[in-house]
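Here it is, the structure, as structure tokens.
Quantities reported herein were computed from a predicted structural model and do not represent experimental measurements.
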Amino acid sequence: MEVFQKTEFKKSYKKLHQNQKAVVNSEIRKIIENPSIGVEKVGDLKGIFVHKFNVFNQQYLLAYSFDEKTMTLIMLGVHENFYRSVKNILK
């Protein structure tokens, strides 16, 4: 499966510490193995999946979309204003 990254995902990933990146990378591998692990959103965000996981007692959300051959990592962040930001990215 080919994985693409949106600019917003790259920016937030770049700000993480090395040990946080290791946790995020393992979660991305889990998503690649089983893309339906996240919860599909409804309404404005239909077709977007969000996977929630903890990085050192802080909950992170990873928004992504996928089809049979590709996966796009849309955004990574904490819950505050996360869904509003995802909507703005997709406009």
Side-chain angles (χ1 to χ4, degrees):
M1 179 176 284
E2 198 169 359
V3 179
F4 298 101
Q5 300 175 358
K6 292 253 184 203
T7 305
E8 290 78 7
F9 176 84
K10 289 180 186 178
K11 285 180 184 177
S12 56
Y13 182 82
K14 186 178 179 181
K15 293 177 184 177
L16 297 175
H17 295 287
Q18 203 61 34
N19 55 359
Q20 292 172 315
K21 287 180 182 180
V23 175
V24 172
N25 289 340
S26 70
E27 294 296 327
I28 291 171
R29 281 189 218 97
K30 288 180 188 177
I31 293 171
I32 291 171
E33 290 172 9
N34 181 13
S36 61
I37 195 171
V39 177
E40 184 174 11
K41 296 294 146 185
V42 295
D44 293 346
L45 297 176
K46 186 163 178 64
I48 303 299
F49 289 78
V50 175
H51 176 59
K52 296 180 181 182
F53 58 95
N54 289 321
V55 178
F56 303 113
N57 297 325
Q58 175 71 45
Q59 187 177 54
Y60 276 80
L61 287 76
L62 175 59
Y64 63 97
S65 61
F66 68 94
D67 58 28
E68 297 165 0
K69 296 181 182 178
T70 64
M71 176 179 294
T72 304
L73 302 173
I74 300 170
M75 188 173 161
L76 173 70
V78 294
H79 195 279
E80 185 177 350
N81 298 327
F82 182 81
Y83 295 105
R84 183 183 331 154
S85 299
V86 171
K87 284 182 188 179
N88 290 337
I89 292 168
L90 297 175
K91 284 185 180 180

Exercise for review: Over 60° means perpendicular and under 30° means parallel, so classify the ring planes of Phe66 and Phe49, tilted if in between.
Suggested key: tilted

Exercise for review: Could you check Val50 against Tyr83 for side-chain contact (heavy atoms from CB on, under 4.5 Å), going step by step and ending with a plain yes or no?
Suggested key: CA-CA 10 Å; Val50 175; Tyr83 295 105; 3.8 Å; yes

Exercise for review: Under the side-chain contact (heavy atoms from CB on, under 4.5 Å) rule, what do Val24 and Tyr60 come out as? Steps first, then yes or no, please.
Suggested key: CA-CA 9 Å; Val24 172; Tyr60 276 80; 5.7 Å; no

Review point. Quick check: does any side chain N or O of Tyr13 sit under 3.5 Å from a backbone N or O of Gln5, one acting as donor and the other as acceptor?
Key: no

Exercise for review: Determine whether more than 12 heavy atoms belonging to other residues, nucleotides or ligands lie under 6.0 Å from atom CD of Gln58.
Suggested key: yes

Review point. Would you call Lys15 and Ser12 a side-chain contact if the rule is heavy atoms closer than 4.5 Å?
Key: no

Study note, to complete from the structure: Output for pair (Ile28 CD1, Leu76 CG), nearest 0.5 Å, gives 7.5 Å

Review point. What's the shortest heavy-atom distance between Ile48 and Ser65, and which atoms?
Key: CD1-CB, 4.2 Å

Check your understanding: Quick one: do Ile32 and Ile37 end up in the same hydrophobic cluster if we chain Ile, Leu, Val, Met, Phe, Trp and Tyr together by side-chain heavy atoms under 4.5 Å apart?
Key -> yes

Revision key, fill the gap. Smallest heavy-atom separation, Asp67 atom then Met1 atom, equals O-CE, 3.9 Å

Revision key, fill the gap. To the nearest 0.5 Å, atom CG of Asp44 lies from atom NZ of Lys91 at 8.0 Å

Review point. Atom CD of Glu8 and atom CG of Leu90: how far apart are they, to the nearest 0.5 Å?
Key: 9.0 Å

Point to revise | Minimum heavy-atom distance Asn54-Val23, with the two atoms named | key: O-CG1, 3.8 Å

Point to revise | Atom of Gly77, atom of Phe82 and distance for their closest heavy-atom approach | key: N-CE1, 3.8 Å

Review point. Do other residues, nucleotides or ligands put more than 12 heavy atoms under 6.0 Å from the NZ atom of Lys41?
Key: yes

**Study point:** Phe4 CZ to Leu73 CG distance, which is reported to the nearest 0.5 Å
**Key:** 10.5 Å

Exercise for review: Give, for atom CD1 of Ile89 and atom CE of Met75, the distance between the pair rounded to the nearest 0.5 Å.
Suggested key: 5.0 Å

Practice item. Answer yes or no: are there more than 12 heavy-atom neighbours, outside Lys21 itself, under 6.0 Å from its atom NZ? Key: yes

Check your understanding: Linking I/L/V/M/F/W/Y whenever their side-chain heavy atoms sit closer than 4.5 Å, directly or via other members, would Val39 and Ile74 fall into one cluster?
Key -> no

Exercise for review: Verify whether the ring centers belonging to His51 and Phe53 lie closer than 6.0 Å.
Suggested key: yes

Point to revise | Heavy-atom closest pair, residues Thr72 and Lys6 | key: CG2-CG, 3.9 Å

Review point. In Å, rounded to the nearest 0.5 Å, how long is the span from CG of Asn25 to CD of Gln20?
Key: 12.0 Å

Review point. Would Lys30 and Glu27 satisfy salt bridge (Lys or Arg N to Asp or Glu O under 4.0 Å), going step by step from the backbone distance to the final call?
Key: CA-CA 5 Å; Lys30 288 180 188 177; Glu27 294 296 327; 3.3 Å; yes

Check your understanding: Mind checking whether Val55 and Leu16 have side chains closer than 4.5 Å, heavy atoms only?
Key -> no

